[in-house]
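The basis for the numbers below is simple: all heavy atoms, side chains too, and nothing from hydrogens, waters or symmetry mates.
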Amino acid sequence: MTDYSFNEELFKKCFSVKEDKPDNTYRLNHTTDKRFKLFPYKATPKASSPIVYDMGDCISEFFRNALEITTEPVDYNQLCEKLKENIDIEDDDINMFNDIIKSLFFKNGDFYAYSIGLYPYQTIVDNKSSERIAEFLYCVLGLDVIDKENIKAAEEKYSFNVLERMIVDSIDTQSNELKVNTEKYYQIITSIQKQFKADFAFMLSADMTSVEDLTNLLSFYYFYYVSQTCLTLDQFGNGVREQVKQLYFALDWEKVSKNRKCCEEGWTKLQNNIAQMFSHAITLEIINQNESVEKLDYIDFRSAADKSDEIDLRISDEIKRAESIYISYIGDCPKIKDIPAETGANRTDAAIRHLFKCISTQFAETDRKRASQVYSEKFSEFCKARFVKNRKKSGLTLNLTERDIIFLTKLAIQHDDKIRLNDLYKEYENRGIYLDSTSKGLLQEFFTKLNLIDKKSDSGDAQYVKRIL
């Protein structure tokens, strides 16, 4: 890292620079994922890169990644024939048997999985967006061989009845191969993987592997990781990988006022950070145009530059050179050349901040702003559909439904019989969910109505929430 050098030729190739166009025109293509994979999105409209609203669409591909396998499409007729090779069945019953297989395991001609042992074999949806998000979650949540073993153990323990076992055996005679993983997405945040892996292992051990449960798990951690990454990126070199930034939620049924934390430190706070996703993706792509195989984010650059003034000066000069080359190809945005100097943790951090400002300015001042918008809305629209509620006069807030609360509480208590109410709030926070005192009081009332409060005394600390069956 100390010998960092920006590679102009690599930059020109990756960004498809057009040397033959006039200097006062836009002469490159903003490209991501060539040298630095940050988010699983494309800056293209919904028609060519659909927004994924339902994490259920990602479950099967997520399991294929976790188990490191690729699977061939399951053909209905072939499957029926293979099954009949191992079953004594009367000719008069063949049509009925075929109909049973179709009704249980196929939807609109596609093989459909409803249990953990069959998830990897579900027909791959024709949606590259959901495939990218599944791969992204596999990478950034840090799944490894232990998770793979936990999945296989859960499959053997909970998944298979006799028919399912025969189906998997029949499918496995196909040419399923080991999955070749491509360049991994970079982990900006490293503070949530341990909690995810603990929750995933618990759910596998407790047979919480329905489509609904796994959709909830992936939805929460998808939101958790990406939102925390957006908040950290906006701190540039001052970001801390192991630190979670507080985002406050409101309960679905409560009334909120504008001065509540859920209004001031929730969605309102986050949406501004989300809007900068594409500019960060481009910035990190540019500063990683070097010959090293090592990938570097803002925190890495700041750490390297902190080693000495000499290193800081040399890296910052390279970043400035990268900026100069970049803006030379943005001839349709005069304002990009008049951006004042930025301050930062060191010279390198300040140089990166200035490059970012140049990138974000040209998006804001040209018709390319739409590219930035469609990139960030891939995440913001998911959030609005799943975790955001319009409180009318109080605006939009992050939101928890009763279903969310039941799910989170199961994760918090896990195999125990009960948990202290105050400890439950801490467990929510371990998963990125913060509640103010008003929401906590209403949550306590909710558990009381469900007869889940085990009250040892009148003090809040001595109240327990019983395990939800």
When you compare the side chain of [Y] with that of [X], does any pair of heavy atoms fall below 4.5 Å?
X    : Y    : answer
N290 : F6   : no
L247 : Y434 : no
F39  : T32  : no

Taking only residues two or more places apart in sequence or in another chain, which ones pass side chain to side chain contact (heavy atoms under 4.5 Å, CB included) with [X]?
X    : value
D54  : D57, T215
R403 : E212, N216, R386, T401
I468 : I406, T409, K410, L452

Flag the pair Y222 / F379 as yes when their ring centroid distance falls below 6.0 Å, and as no otherwise.
yes
Y428 vs D423, side chain to side chain donor-acceptor pair (under 3.5 Å): CA-CA, chis, key distance, verdict
CA-CA 9 Å; Y428 279 22; D423 289 339; over 6 Å; no
Taking all non-hydrogen atoms of both residues, which atom of [X] and which atom of [Y] are closest, and how far apart?
X    : Y    : result
S170 : L83  : OG-CD2, 3.7 Å
I419 : E427 : CD1-CG, 3.8 Å
K245 : V240 : NZ-O, 3.4 Å
L67  : K148 : O-CE, 3.4 Å
Y185 : P40  : OH-CA, 3.6 Å
V211 : A113 : CG2-O, 4.3 Å

Cation-pi, F363 ring and K369 (6.0 angstrom, 45 degrees):
no
Is the terminal nitrogen or CZ of R368 (NZ for Lys, CZ for Arg) located under 6.0 angstrom from the six-membered ring centre of Y26 and within 45° of that ring's axis?
yes
Donor-acceptor pairs under 3.5 angstrom involving side-chain atoms of residues 277-286: please list them, not counting sequence neighbours.
unit_1, atom_1, unit_2, atom_2, d
H280, ND1, Y298, OH, 2.8
H280, NE2, D234, OD1, 2.5
T283, OG1, S279, O, 2.7
E285, OE1, D33, N, 3.0
E285, OE1, K34, N, 3.4
E285, OE1, F36, N, 3.3
E285, OE2, K34, N, 3.2
E285, OE2, R35, N, 2.6
E285, OE2, Q289, NE2, 3.4

Working for side chain to side chain donor-acceptor pair (under 3.5 Å), residues S49 and R132
CA-CA 11 Å; S49 181; R132 283 194 298 270; 3.2 Å; yes
Ring geometry between [Y] and [X] (parallel below 30°, tilted from 30 to 60°, perpendicular above 60°):
X    : Y    : result
F111 : F105 : parallel
F301 : Y4   : perpendicular
F249 : F387 : perpendicular

For the side chain of [X] and the backbone of [Y], is there at least one donor-acceptor N/O pair under 3.5 Å apart?
X    : Y    : answer
T229 : S227 : no
T268 : C263 : yes
S103 : I100 : yes
D199 : F196 : no
K389 : K384 : no
R241 : I189 : no

Residues which pass side chain to side chain donor-acceptor pair (under 3.5 Å) with D147, listed by chain and number, not counting sequence neighbours:
K197
Among all residues two or more places apart in sequence or in another chain, which pass the side chain to side chain donor-acceptor pair (under 3.5 Å) test with Y225?
none
For Y248 and Q246: C-alpha separation, side-chain torsions, deciding distance, then whether side chain to side chain donor-acceptor pair (under 3.5 Å) applies.
CA-CA 6 Å; Y248 280 82; Q246 296 180 358; 3.2 Å; yes
Within a 6.0 Å radius of atom [atom1] on [X], are there more than 12 heavy atoms belonging to other residues, nucleotides or ligands?
X    : atom1 : value
K18  : NZ    : yes
I146 : CD1   : no
K440 : NZ    : yes

Would K378 and S129 satisfy side chain to side chain donor-acceptor pair (under 3.5 Å), going step by step from the backbone distance to the final call?
CA-CA 9 Å; K378 300 293 193 296; S129 297; over 6 Å; no
